[in-house]
Each structure stands twice: as C-alpha cells, then as structure tokens.
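The structure appears right after this line, and notes come after that.
Residue numbers start from 1 in every chain, and the chains themselves are labelled A, B, ... in the order their sequence lines are given, proteins ahead of strands. Because the structure is a prediction, the values reported are computed rather than measured. Only this structure's heavy atoms are used, side chains among them; waters, hydrogens and symmetry mates stay out.
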Amino acid sequence: MMRILEVLQARLAIALAQFPLDVQSYASQIRPTNNAKFGDYQANCAMPLKAVLNEPPHQIAERIVAALQVRDLCEPPEIAGPGFINLRLRDDWICEATIAMLNDDRLGVPDPPNSRTILIDFSSPNVAKPMHVGHIRSTVIGDALANVFRFLGHRVITDNHLGDWGTQFGMIIYGYKHFVDESAFSQSPVQELVRLYRLVNSLVDYHAAIAALPDAQETADQAAVAAEQAERAARDAEVAQPERRKRKQAAQTAKRKSLAARETLEGLQQKIAQIDIDPAMQTLAASHSKIAGDVLRETAKLHEGDRENLGLWQKFLPHCSDEINRIYDRLNVRFDHTLGESFYQPMLGDVVQRLVDEGLATESEGAICVFLEGFDAPLIVRKKDGAFLYATTDLATLLYRNEHFRPDEILYVVDSRQSDHFDKLFALAPQVGLGHLRLVHVQFGTVLGPDGKPLKTRSGNNANLETLLDDAVTAAMEAVCEPERSAKLQPPLTDAERQQIANVIGHGAIKYADLSHHRTSDYRFSLKKMVALEGNTVAYLEYAYARIQGIFRAGETTEAEIAANATRLEINHDAERELAISLLRFSEALQQMAEDYAPNALVDYLYDTARRYMVFNDNCPILKAPDSATKDSRLALAAVTAKVLRAGLRILGIEVVPRM
RNA sequence: GCGCCCAUAGCUCAGCUGGAUAGAGCAACGGACUUCUAAUCCGUAGGUCGUAGGUUCGAAUCCUACUGGGCGUACCA
C-alpha cells in the first residue's frame with residue numbers, strides 16, 4: 001500500500017513528461033477536494049501551465065488527461081471550471097485498499113525511503129521545583145512527535161535535558177540549611193523539598209517585591225494620569241473626525257497600559273501581603289533579608305564544587321527525579337535519555353576554550369562572546385564573573401549529541417520565546433563543524449488563562465501541573481458516573497472501569513486540548529471545555545471507539561476474528577465510502593503531522609474520521625445489516641476504524657477504553 | 001529603537017507548498033431514541049478573513065505600508 005496522494009502524483013508526473021518543464025513541481029499540485037462534487041482529488045496544474053505553454057488551460061488539461069493513466073484506481077478524470085482535473089477513486093479500489101489495512105500493523109504507512117535518526121529534546125523541566133502548566137506543551141508535543149516519527153519508521157532518540165544545575169538548587173540548598181524539618185524530610189523527602197523551594201521562593205519574591213514596589217507604584221500612578229489625560233483628549237468635541245478616532249484609540253491603549261501597570265502593582269502587593277499576614281513568616285522574612293544574594297552564593301558554591309553543597313545536591317537529585325517521574329508516569333511519557341545540564345558541566349570550559357582558540361569567540365565587556373552575523377546581541381558563552389550560561393550548555397550538548405548519537409536531525413521542542421537563542425545557536429553550529437545537522441526549533445505558544453494572559457493561579461504562581469491533572473480526572477469521573485449515562489451500559493460499569501475511564505479521559509483531555517491547537521499559537525485553557533462531552537474533545541473520539549467495541553461485543557466477535565475472516569468490502573452507502581476514504585488517508589495525516597511538526601494535523605484527521613464513523617454508524621446498521629455480506633463488510637470497516645483511532649490516539653499519547 | 005509571532009463567525013479555534021461557494025466546535029434556534037450506547041445524528045442562523053495597496057487566470061494564504069496585540073532584545077533559562 002502506498003499513499004494515495006503519492007501514487008496520483010507519480011501518475012501525473014508521467015502524464016506531464018510530454019511537456020518541457022519541471023515536472024515535479026507541477027505534479028505536486030494535486031490535493032484532496034473540498035467538495036464531493038469535484039471528486040476525491042483534484043489536479044490544479046493546468047492553469048499555471050497556461051503561461052508556460054501559451055495554450056488555453058482547458059486544452060492543456062485535456063492533453064494531460066489524455067496521457068494520464070489512472071484507470072486502475074480512478075473513474076475517468078473530468079475537467080471542470082477553468083481547467084481543474086477532478087479525480088474520483090473507484091469504489092472497488094477503495095474497498096481493496098481499505099481491507100488491506102485490516103491485516104497491516106502499519107495501517108498502510110509505507111516504510112520511509114530514507115530513514116533518518118531524529119533526536120528530540122523535549123520536556124526539560126527545572127527539577128527541584130514542582131512542574132507547572134508551562135511544561136505541558138513541550139512534554140505532550142515532544143512525545144507525540146517522537147511517536148509519529150517512530151511510527152513512520154525513523155530512528156528516534158528522546159532526551160530530557162533537565163534543568164538540574166541552576167538557581168533552584170541554590171534555593172533548596174539554602175532552604176535545607178535554614179528551614180529543614182528533618183523528620184518531614186526523612187518521611188517524605190519530595191514533599192519537604194517542594195515545601196522548602198516554595199518557602200525560599202516566596203521569601204525571595206517578598207524582598208524583591210518590596211524593592212520593586214516604589215517604582216511600580218510610580219509607574220502605575222503615571223499610567224493612570226496618562227490614561228485620564230488621553231481619555232479627556234478623546235472626549236474633546238472640538239476635534240474633527242480622523243484625529244478624533246486616533247485619540248480614541250490612544251485613550252484605549254493608555255487605559256490598557258494603566259490597567260496592566262495596576263495589575264503588576266497589585267501582584268507585588270499580594271506577594272508582600274502573603275508574608276505580612278503571617279507573623280511567623282514576617283519574622284522569617286526579617287531575619288533573611290539578604291536571601292536572594294545568599295541563594296545565588298549557594299548556587300555559585302555548588303558550581304565551584306563546594307563539598308557540602310555538592311553533597312546536598314547529590315542527596316536531593318534522586319528525590320527531584322522521583323517528583324518529575326511521578327508526573328511522567330501519569331502522562332505515560334518515557335525518555336531514552338535524561339542527560340541534564342549537570343552532565344555537561346565538566347565540558348563547558350573546553351567548549352569556551354575551543355571557541356576562543358578557533359577565533360570564533362572574543363572578549364567583550366569582560367564576557368566571552370560569539371558575535372554572529374545578522375544578530376544585534378552576541379551569543380555569550382561566559383559571563384564576566386566566569387560563570388557559564390545556557391548557551392554554553394546548549395552548545396556542549398549539541399557537540400556531545402552529534403558525537404554520541406550521530407543524529408541527522410535534532411528537534412528542540414521549546415517555548416517560542418527562546419527563538420532568538422536558538423537562531424543564534426543554529427547560526428553558530430556550522431562554524432563548529434555541525435553543518436550537516438538539521439536543527440529545528442519546534443516552537444510553541446503560551447497556555448493562557450480565561451483572561452487571555454499566561455495561565456496562573458489566583459496567588460499569581462504558575463498553575464501546578466499535578467493539580468491540573470487531578471482536576472481533569474475528577475471532572476472526567478463526574479461525567480462518567482452520571483447515572484443516566486451509566487445506566488445504558490450492560491453490565492454496569494465497575495468501579496475499576498470508572499476509574500480507568502476517568503484516568504484516560506482526564507489525562508487525554510489535557511493532551512487533546514493542547515495537541516488540537518496549532519503549536520505556534522497561544523491557546524486559552526479551559527478545563528470545562530476540555531472535559532466536555534460534546535463536540536471536538538477527546539471524549540468524542542473515545543466514545544466512537546467504545547461504540548465500535550460495543551458492536552463487536554454484541555456481535556460476539558473480535559477485531560482479530562474479523563481481520564482473519566474478512567475477504568471483501570462493499571460500498572452501498574455514501575457514509576461507507578466517506579469513511580473508507582478517510583481511513584485510507586491515515587498515512588497522509590501522519591505525513592503531514594511529521595512535515596510540519598504539527599500534531600493538530602493528526603488531531604483534525606482523527607476527529608474527522610470519528611465523525612464519519614458516527615455518520616456511518618447512524619446510517620448503516622451493522623449487526624442488523626440486510627445480508628451477511630453487508631454485515632461482514634461493515635464489521636470490517638468498523639474494525640479498520642478502530643485500528644486507526646487506536647493507533648492515532650496512541651501517537652498522541654492517549655489510551656483508549658473499550659467501554660464508556 | 002530593532003527583531004520574531006499574531007489579527008478568520010458572538011466565543012474557542014482550523015484552514016496543508018496560492019485553487020472552485022472560507023470550515024469545525026461551543027453558544028442560539030428547529031428536528032430525530034419500539035432499531036448495535038442520543039456522550040450521537042440531521043437541519044437553520046451567523047463572516048467586507050484587522051485596514052489600504054500590489055503580484056496573477058485565481059489571495060485568508062505571497063509582497064509592501066499602516067493600525068492594533070503578544071513576545072524577545074549583552075552576561076536568567
């Protein structure tokens with residue numbers, strides 16, 4: 001089995017060979033139609049050829065069609081409009097190709113002509129602090145990409161580049177030295193470390209907020225005055241129209257700025273109030289007034305190899321790993337390697353030295369910098385105080401990966417805010433002998449709250465990821481348990497089944513919401529929508545899948561049995577045809593997802609397929625089909641659908657449930 | 001100041017290297033459960049694709065300018 005699109009392109013290329021031109025670029029101008037009356041696929045190459053061949057496009061289309069050999073898979077091509085060539089797949093061909101998927105674990109996906117080794121760097125949280133919602137995108141998108149490239153037949157290496165060497169360790173080291181509750185630590189080290197991190201962090205924030213307060217107050221006051229002035233100016237009735245509209249807009253902008261400044265101010269006040277409200281905390285804050293600097297000193301001591309701090313770091317690290325691994329277990333995400341920043345720490349000096357030796361890096365304002373063409377700011381690889389930066393680590397990581405994993409391609413699934421950094425890193429790569437690597441920053445947007453601003457909790461902290469997962473599972477459980485719905489299932493769901501469904505739907509909802517948006521766009525997070533049972537949600541896909549399994553149970557058969565016995569498919573209804581074509585396009589959907597590193601392409605496809613299944617399900621009785629041939633055919637169609645949905649969801653990192 | 005990204009239905013979002021009448025979901029309204037789970041299906045309504053130009057057979061898509069928003073911008077990651 002090959003991809004339909006590829007087959008048609010190849011045939012078209014042959015038909016175009018009669019013309020003296022770059023055949024491939026024209027042959028690729030073939031795509032699925034957006035309207036069934038134009039067939040299933042359309043070739044659009046005749047129109048642009050008008051200018052090249054100096055002939056009416058309709059006539060060109062006729063010459064192409066005359067040479068086009070697709071009789072084995074298409075109805076006779078039709079020419080429509082200015083010169084579109086419409087292709088309609090033959091029903092018998094569709095049936096044969098679809099039934100072939102039934103016993104094909106690769107579901108019609110061809111082996112890649114050139115298998116690549118792709119290293120994917122994703123998730124990469126800072127350990128020693130709880131994972132928050134900001135980590136969900138990298139983790140979920142990265143995992144889905146790893147899955148799709150593996151499914152397509154590439155060699156995939158996943159690497160979790162942990163932040164295990166930064167300031168957050170200074171925080172817990174400081175916290176441990178001053179505030180540890182030893183019995184709590186021995187009982188539940190992870191919990192105690194999280195408590196210490198939060199405590200130190202809030203004290204640091206407290207002092208920072210107090211320091212920033214006067215400026216913020218002034219900014220807010222000025223913005224408020226400016227907003228008022230702009231508002232007055234806009235209301236001036238003497239002003240004529242174009243100027244007036246301008247002033248109105250200016251007033252709005254000023255108002256927004258004023259509001260933003262006020263929110264910043266209130267955020268600071270809140271951080272201060274959190275401490276001030278608690279006398280014990282206030283005392284702590286007073287006796288740790290230089291905490292920010294002290295934390296940095298603890299970090300610096302760690303980096304310098306201080307015995308005590310290094311010992312603490314080694315003591316903490318396994319517990320930090322436990323903490324993040326618990327989340328990965330819940331999300332069912334695994335990594336081939338977990339080489340954090342600390343792993344590369346011993347190599348950093350050599351990397352900088354090499355850059356200096358090769359004349360790529362120079363000293364500027366006390367720092368060691370690489371000045372790159374086309375960039376205003378340099379890539380700084382060593383600070384003036386001698387410390388290394390993440391540019392240094394990333395470069396060392398890149399060199400190491402090249403040497404040890406020999407990848408063809410490296411994907412960095414990282415926040416789009418870091419695009420500048422990666423642009424520079426990628427610009428430098430060819431100069432250190434890595435020109436053969438295809439380096440891609442698979443960037444993604446921000447998760448926003450209901451207010452359209454980055455998702456935070458009420459207290460202004462990043463929303464905790466585990467809490468989010470818990471909430472999603474709880475919401476899913478409520479839905480699953482709704483008596484009216486549960487009553488329809490015979491036998492009734494057991495408690496274990498309910499828990500399983502809630503887990504799959506709850507976690508799936510978070511992943512699905514994330515993956516269903518284009519990765520580069522920011523999206524608005526809404527738990528309510530995610531776990532809703534209506535519309536484009538994970539529950540819809542799961543429901544479609546469960547319905548299929550329900551039919552197999554009622555018919556006392558299994559997918560394996562259907563696959564073993566199915567001989568042929570027939571198409572008697574539009575819904576059958578629509579569904580079958582959709583199933584045949586699975587391979588195309590994966591291809592598209594891989595090409596753009598865009599999981600939403602697969603999500604869209606799966607949702608569309610599930611919908612077509614539902615239409616089929618509504619219109620075409622399966623077990624009660626008019627005759628046994630129809631019944632077998634429809635069972636086979638349902639079985640392929642189940643396979644496609646399961647495989648697709650698995651690529652997205654989502655499991656399926658047999659009943660719901 | 002400079003750089004990158006974005007602007008599509010009341011809301012949340014798709015729209016593949018330019019293709020025929022711009023699509024989903026939610027919300028609204030109207031239908032369909034004696035028939036394999038109505039967590040479903042069918043229908044109605046809703047859009048000068050931010051504005052103005054340009055490129056061409058053809059533009060939401062490419063180019064330019066403008067408006068508005070987000071993010072980044074020399075020693076955090």
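In terms of phosphate contacts, A/N34 brings a side-chain nitrogen or oxygen within less than 4.0 Å of OP1 or OP2 of B/rA20. Residue A/Y540 places at least one side-chain N or O under 4.0 Å from the OP1 or OP2 atom of B/rC41. For the OP1/OP2 pair of B/rA14 and a distance below 4.0 Å, the side-chain nitrogens and oxygens of A/S521 include at least one atom meeting the criterion. Distances shorter than 4.0 Å separate none of the side-chain N or O atoms of A/N126 from OP1 or OP2 on B/rC76. Residue A/H518 places at least one side-chain N or O under 4.0 Å from the OP1 or OP2 atom of B/rG15.
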Evaluate the side chain to side chain donor-acceptor pair (under 3.5 Å) criterion for residues A/D627 and A/T630: first the C-alpha distance (whole Å), next the side-chain angles of each, then the deciding distance (0.1 Å), finally the verdict.
-> CA-CA 5 Å; A/D627 55 78; A/T630 309; 2.8 Å; yes
Applying salt bridge (charged side-chain N to carboxylate O under 4.0 Å, His left out), run through A/R612 and A/D608 and close with a yes or a no.
-> CA-CA 6 Å; A/R612 293 185 194 212; A/D608 186 56; 3.0 Å; yes
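When rounded to the nearest whole Å, the span between CG of A/D423 and P of B/rC2 equals 19 Å. A/L379 places its CG atom 11 Å from the C1' atom of B/rA74, with the value rounded to the nearest Å.
Pairing for B/rG10 is with B/rC26, a Watson-Crick or G-U wobble pair whose two hydrogen-bonding atom distances lie under 3.5 Å. When both pairing distances are held under 3.5 Å, B/rG18 makes no Watson-Crick or G-U pair with any nucleotide shown. Pairing of B/rC71, defined by two Watson-Crick or G-U wobble distances under 3.5 Å, is identified with B/rG3. Across all strands shown, B/rU64 pairs with B/rA52; the Watson-Crick or G-U wobble distances both stay below 3.5 Å. Across all strands shown, B/rA39 forms no Watson-Crick or G-U wobble pair with both key distances under 3.5 Å.
Put simply, the side chain of A/Y543 and the base of B/rA39 share no donor and acceptor less than 3.5 Å apart. Counting atom types as modelled, A/K424 pairs no side-chain N or O with a base atom of B/rU73 as donor and acceptor under 3.5 Å. Between the base of B/rA20 and the side chain of A/T33 there is no donor-acceptor pair shorter than 3.5 Å. Donor-acceptor pairing under 3.5 Å, judged by distance alone, is present between the side chain of A/R31 and the base of B/rU17.
Position along RNA chain B of the nearest nucleotide to A/I551 versus A/Q418 favours A/I551 as the more 5'-ward residue. Of the residues near RNA chain B, A/R519 and A/F388, the one whose nearest nucleotide (by heavy atom distance) lies more toward the 5' end is A/R519.
Going from the P atom of B/rG15 to that of B/rU67 covers 28 Å, rounded to whole Å.
If you check every strand for non-hydrogen atoms under 4.0 Å, A/C620 touches a base. Note on A/M614: only backbone sugar-phosphate atoms sit closer than 4.0 angstrom, heavy atoms only; bases stay farther off. Within the 4.0 angstrom heavy-atom criterion, no nucleotide atom of any strand lies near A/S526. Among the atoms of the strands shown, none is found under 4.0 Å from any heavy atom of A/S516. Using a 4.0 Å heavy-atom distance criterion, A/K631 is classed as making no nucleic acid contact. A/N86 comes within contact range of at least one nucleobase, with a heavy-atom separation under 4.0 Å. Counting non-hydrogen atoms under 4.0 angstrom, A/P378 reaches a base of the nucleic acid.
Taking the six-membered ring for Trp, A/Y390 and A/H421 have ring centres closer than 6.0 Å. For A/H303 and A/F169, the gap between ring centers reaches or exceeds 6.0 Å. Aromatic pair A/F38/A/F84: centroids not less than 6.0 angstrom apart.
Within a 6.0 Å sphere centred on CD of A/E78, heavy atoms belonging to other residues, nucleotides or ligands number 12 at most.
Base orientation of B/rC33: syn, the glycosidic angle falling within 90° of 0.
The side-chain tip of A/R547 does not point at the ring of A/F616 from less than 6.0 angstrom away and within 45° of straight on.
Of all non-hydrogen atoms in A/S123 and A/N160, the two that sit nearest each other are CB-OD1, 3.8 Å.
Closest approach to the A/K488 side chain among B/rC57, B/rA39, B/rC36 is made by B/rA39 (side chain taken as heavy atoms from C-beta onward). Taking the side chain of A/Y523 as heavy atoms from C-beta on, and the options B/rC13, B/rA20, B/rG19, the nearest nucleotide is B/rC13. Which of B/rC36, B/rA14, B/rU12 sits closest to the side chain of A/R524 comes down to B/rU12. Picking from B/rU17, B/rA39, B/rA77 the nucleotide with the shortest atom distance to the side chain of A/E341 gives B/rA77. Comparing B/rU35, B/rA14, B/rG72 by their closest approach to the side chain of A/D604 singles out B/rA14. Here the nucleotide nearest the side chain of A/I622, chosen from B/rC41, B/rC36, B/rU37, is B/rC36. Here the side chain of A/R547 is nearest to one of B/rC71, B/rA38, B/rC13, namely B/rA38. Out of B/rU21, B/rC36, B/rG70, the shortest distance to the side chain of A/D522 is found at B/rG70. The side chain of A/Y607 sits closest to B/rA24 out of B/rG15, B/rA20, B/rA24. Distance from the side chain of A/K50 is smallest for B/rC57 among the nucleotides B/rU40, B/rC57, B/rA77.
An aromatic stacking contact links A/F38 with the base of B/rA20, defined here by ring centres under 5.5 Å apart and ring planes under 30° from parallel. By the stacking rule of 5.5 Å between ring centres and under 30° between planes, A/F84 does not stack on the base of B/rG19.
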